K.L.:
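Structure below; questions to follow.
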Amino acid sequence: MRIKNSSRRDFILNTAKATVAASFSFSVIPALSNEFSKGYKPEQLFAQQPLPYAYKDLEPVIDPLTMEIHYSKHAASYLKNLNEAAAAELKSVGKITLEEILKNISKYSTKMRNNAGGHYNHEFFWQCMLPNNTSKPSSKLSEAIIKTFGSYENFKTQFSDAGKNRFGSGWAWLIVTPDKQLKIYSTPNQDNPLMDIAEVKGTPVLALDVWEHAYYLKYQNKRADYINNWLGIINWNFVSQQFDKALL
Ligand code: MN
């Protein structure tokens with residue numbers, strides 16, 4: 001998304017807010033069609049959704065410059081590389097979704113693994129945060145968190161530890177496993193729990209980016225402070241929706 005001026009940005013953001021918040025699902029990302037003979041171009045295969053808030057809206061937890069670089073440079077780069085990999089590797093006629101690629105990621109290149117993961121993870125991550133946050137877990141999710149982890153405080157500690165203890169770059173996840181249990185763990189690099197190569201597989205419910213690019217300008221080496229503050233901007237409305245969907 002190229003932002004030419006603030007009024008255009010506000011228009012885009014306001015237009016996008018309601019629809020993205022209401023309908024987020026990877027089924028709304030254009031299903032990838034590799035019928036190139038019909039005129040598809042690599043840059044049209046997948047796209048970034050507009051952020052559902054402005055770069056400055058997550059202050060003071062995340063500063064505007066970090067958000068801008070993260071969204072418009074880092075995440076945009078994963079998208080570009082994903083579209084290149086998709087154009088090169090998806091030869092057969094037909095349609096395939098990003099989730100289907102991830103579920104069979106062992107059959108693709110490292111470039112596809114890193115960038116299909118990078119695109120999915122970031123699109124998911126943006127939705128996990130909410131400005132002026134007053135959201136709370138749904139009663140169903142709240143009950144499941146307490147049943148699984150003993151208390152909300154224990155959940156926060158375990159989730160934080162998953163992020164803090166990820167050596168190098170990666171993600172912390174709350175997922176629903178195939179047997180419908182909540183589980184916390186972390187993945188390296190841009191891997192995620194949908195991938196067939198994942199150590200633990202499941203449906204993402206909450207994702208936290210612990211790459212240095214997500215926090216370094218403001219927090220430098222203090223990843224623990226970033227994580228601790230980040231817990232306060234979790235969009236529990238979105239997370240509760242993902243939990244409900246994962247139980248279907
Ligand atoms: Mn990132």
Side-chain angles (χ1 to χ4, degrees), residues 1-3 20 24 26 29 46-85 98-99 101-102 105 110-131 159-175 184-195 197-198 204-235 238-239 242:
M1 182 174 70
R2 178 172 290 275
I3 293 165
V20 171
F24 179 83
F26 277 90
I29 287 184
F46 293 103
Q48 280 183 291
Q49 298 187 57
L51 275 183
Y53 37 74
Y55 294 139
K56 63 176 171 47
D57 287 353
L58 298 174
E59 282 193 296
V61 176
I62 304 180
D63 60 287
L65 185 59
T66 295
M67 282 304 296
E68 180 170 0
I69 295 172
H70 201 175
Y71 180 85
S72 71
K73 305 293 185 194
H74 292 284
S77 174
Y78 294 119
L79 171 68
K80 176 176 175 288
N81 290 324
L82 164 63
N83 282 334
E84 285 177 10
L98 184 56
E99 288 181 339
I101 292 174
L102 294 168
I105 203 69
T110 302
K111 179 173 180 173
M112 183 75 94
R113 175 174 169 175
N114 290 338
N115 294 289
H119 180 60
Y120 179 94
N121 296 350
H122 286 87
E123 291 285 296
F124 196 90
F125 177 61
W126 311 132
Q127 307 298 325
C128 287
M129 300 181 283
L130 187 65
F159 188 79
S160 299
D161 286 348
K164 284 184 221 167
N165 297 333
R166 164 52 53 194
F167 185 76
S169 299
W171 293 75
W173 300 94
L174 176 66
I175 64 170
I184 289 169
Y185 86 121
S186 80
T187 54
N189 305 314
Q190 295 294 352
D191 288 356
N192 71 39
L194 293 174
M195 292 179 171
I197 46 83
V205 169
L206 174 66
L208 169 59
D209 189 344
V210 295
W211 282 59
E212 284 189 345
H213 69 223
Y215 64 86
Y216 199 84
L217 290 179
K218 182 178 173 78
Y219 295 92
Q220 292 86 45
N221 60 318
K222 298 184 281 291
R223 185 191 285 186
D225 289 355
Y226 158 67
I227 293 174
N228 194 44
N229 289 343
W230 191 85
L231 294 171
I233 56 168
I234 293 174
N235 183 349
F238 173 75
V239 177
Q242 301 314 112

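From a predicted model like this one, the values you see are computed outputs, not experimental measurements. Side chains are part of it too, since the values below use all heavy atoms of this structure and drop only hydrogens, waters and symmetry mates. Whatever order the structure lists them in is the order used to number ligands and atoms, beginning at 1.
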K.L.:
Can a donor-acceptor pair be found between the side chains of N229 and Y219 at a distance below 3.5 Å?
P.N.:
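Per modelled atom types, N229 and Y219 side chains form a pair under 3.5 Å.
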K.L.:
Considering the options N228, L231, I233, which one meets the side chain to side chain contact (heavy atoms under 4.5 Å, CB included) requirement together with V61?
P.N.:
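The residue from N228, L231, I233 that satisfies side chain to side chain contact (heavy atoms under 4.5 Å, CB included) with V61 turns out to be I233.
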K.L.:
Any side-chain heavy atom of P188 within less than 4.5 Å of one from F167?
P.N.:
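Answer no - side chains too far apart.
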K.L.:
Going by ring pair (Phe, Tyr, Trp, His ring centres under 6.0 Å), name the residues that satisfy it together with H74, two or more places apart in sequence or in a different chain.
P.N.:
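Only H213 meet the ring pair (Phe, Tyr, Trp, His ring centres under 6.0 Å) criterion with H74.
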K.L.:
Got a sec, which pairs hit salt bridge (Lys or Arg N to Asp or Glu O under 4.0 Å) with one end in residues 218-231, sequence neighbours left out?
P.N.:
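Residue pairs passing salt bridge (Lys or Arg N to Asp or Glu O under 4.0 Å), neighbours aside: none found.
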K.L.:
Close to the Mn ion (ligand 1), meaning under 2.8 Å, how many protein N, O or S atoms are there?
P.N.:
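If we list every protein N, O or S atom nearer than 2.8 Å to the Mn ion (ligand 1), we get 4.
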K.L.:
With sequence neighbours excluded, give me every side chain to side chain donor-acceptor pair (under 3.5 Å) pair touching residues 161-173.
P.N.:
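Side chain to side chain donor-acceptor pair (under 3.5 Å) check on residues 161-173 returns R166-S186, W171-Q190, W173-T187.
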